[in-house]
Structures are given as C-alpha cells and as structure tokens.
Amino acid sequence: MMPIGIIACAFGQQDTNTAGPSNEAIAQVALEIKGMTNGVISTQWEVQAHMEMIGESADHIVSEYGTPSHYVTTEQVFARSLAYFKTVGVTEVVIVAQPMHLKVIRLVMKDWVADSGLTFTREYDHMMHRIPF
C-alpha cells in the first residue's frame, strides 16, 4: 500500500519562530492522520515549529524560518509537496488546513489539482473542525 501524502498548510504567521494556535492544531491533526495511515507529511516551517516543540517532525519542509523561503504561496506549497510525494510513491493526498483556508485552497487549486494525477481525499475533513481561526 502506498503512503498517503499529507499537506499541512500553515495558517497565519508569527513574528517569531513559533507556530501559533492554528498551526499547532494543524500539526496535531496532520500527526494524527499520519499515525492512522502511515502517511508522510509535507508542511511549512510554521507547522514544523510545533512538531519540533513536541518531539516530532514532518517528512518534508517546504519553507524555512528566516530564509528566502520564509513565506511561500499556496501554489508553492502544493508544487513542492507534490514533487516530494512523487519521489516517495504517494498516490493519495489529504489537505490539512484551517477550515476557511481549506475552502479557499480547494477553490483556487481545483484545476491544478485535477492535472496532478493524484487522488485527493476528503475522508479526514471532519478533523479540521478542531483547527481554530
């Protein structure tokens, strides 16, 4: 069975190398899905900051605090995550994001996702309601 790819999309950015409440919750949901599916997580530094604080780590980081990749667009997050997923054999992807952000992501990335050749599951959407604004 191929691993599921988990794109943990950061929400909001702190002035310091800390996660903030939304990104802490995104990290927790992503780690829970990883545990349930033996998946791989691709994320931004904001979510990784919380993972490191609790002794965990994402499998792939698309941005780094205090570098030129400090801020990345949603499209860059997707492009970098999907490129990584292809190298590890992922065929199914779940997006973990703050619920309002998730709606925008799905709308904006709709055509781009359709051309990716990957299946995007909504099986874990109910878990996103734990992610605060």
Side-chain angles (χ1 to χ4, degrees):
M1 186 171 153
M2 297 290 177
I4 192 167
I6 303 159
I7 301 176
C9 298
F11 187 74
Q13 192 174 74
Q14 307 289 16
D15 291 332
T16 61
N17 189 12
T18 58
S22 294
N23 293 318
E24 289 176 6
I26 290 165
Q28 292 296 130
V29 170
L31 288 167
E32 190 173 332
I33 294 170
K34 180 178 181 165
M36 294 175 359
T37 64
N38 198 30
V40 293
I41 298 173
S42 181
T43 194
Q44 295 160 264
W45 71 264
E46 297 94 333
V47 175
Q48 175 65 10
H50 180 68
M51 290 183 180
E52 286 177 358
M53 190 177 82
I54 62 171
E56 298 286 345
S57 183
D59 301 281
H60 182 253
I61 313 296
V62 300
S63 62
E64 292 183 51
Y65 180 75
T67 70
S69 71
H70 181 86
Y71 176 82
V72 290
T73 66
T74 299
E75 186 172 353
Q76 289 170 316
V77 172
F78 268 72
R80 294 172 187 180
S81 295
L82 298 184
Y84 167 72
F85 291 159
K86 288 181 180 183
T87 68
V88 294
V90 165
T91 57
E92 184 177 15
V93 176
V94 61
I95 304 167
V96 176
Q98 195 280 335
M100 282 182 39
H101 189 209
L102 184 58
K103 288 179 184 180
V104 172
I105 290 168
R106 287 198 170 123
L107 179 66
V108 171
M109 305 310 287
K110 186 177 179 180
D111 293 335
W112 197 70
V113 164
D115 294 335
S116 71
L118 298 167
T119 301
F120 285 76
T121 183
R122 294 180 137 192
E123 182 178 343
Y124 306 95
D125 279 10
H126 65 281
M127 297 170 74
M128 307 311 155
H129 297 290
R130 292 187 256 157
I131 302 169
F133 185 79

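For the single chain, residues carry numbers from 1 onward in sequence order. Remember, it's a predicted structure, so these values are computed and weren't measured experimentally. Atom set for the values below is all heavy atoms of this structure, side chains included, hydrogens, waters and symmetry mates excluded.
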Going by heavy atoms in the side chains, are [X] and [Y] under 4.5 Å from each other?
X	Y	answer
Thr43	Val62	no
Ile33	Val96	yes
Lys103	Arg106	no
Lys34	Asp59	yes

Thr121 (side chain) donor-acceptor with Val94 (main chain) under 3.5 angstrom: no

N/O donor-acceptor pair under 3.5 Å between Ser22 side chain and Pro132 backbone: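 Such a contact is found between Ser22 side chain and Pro132 backbone.
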
Grab the two heavy atoms, one from [X] and one from [Y], that are nearest each other, plus how far apart they are.
X	Y	answer
Ala10	Asn23	CA-OD1, 3.2 Å
Met128	Ile95	CE-O, 3.3 Å
Gly39	Pro3	CA-CB, 4.5 Å
Ile105	Cys9	CD1-SG, 3.8 Å
Ala58	Gln48	N-OE1, 2.8 Å
Ala8	Ile26	CB-CG2, 3.8 Å

Say you draw a straight line from [atom1] of [X] to [atom2] of [Y]; how long is it, rounded to the nearest 0.5 Å?
X	Y	atom1	atom2	answer
Ile4	Phe85	CD1	CZ	9.0 Å
Met109	Ile7	CE	CD1	8.5 Å
Arg80	Ile61	CZ	CD1	12.0 Å
Leu82	Phe120	CG	CZ	5.0 Å

Steps toward side-chain contact (heavy atoms from CB on, under 4.5 Å) verdict (Ile41, Leu31): CA-CA 8 Å; Ile41 298 173; Leu31 288 167; 3.9 Å; yes

Please list, chain by chain and in numerical order, all residues satisfying side chain to side chain contact (heavy atoms under 4.5 Å, CB included) with [X], sequence neighbours excluded.
X	value
Val88	Val40, Tyr84, Val90
Thr73	Tyr71, Glu75, Gln76
Gln98	Phe11, Met100, His101, Ile131, Phe133
Met36	Glu32, Tyr124, Met127

Residues in side chain to side chain donor-acceptor pair (under 3.5 Å) contact with Arg122, at least two apart in sequence or another chain: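 Residues passing side chain to side chain donor-acceptor pair (under 3.5 Å) with Arg122: none at all.
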
Residues that Ser42 engages under side chain to side chain donor-acceptor pair (under 3.5 Å), provided they are two or more places apart: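 For Ser42, the residues satisfying side chain to side chain donor-acceptor pair (under 3.5 Å) (neighbours in sequence not counted) are His60, Ser81.
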
Under 3.5 Å side-chain donor-acceptor pair for Gln28 and Glu24: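 No.
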
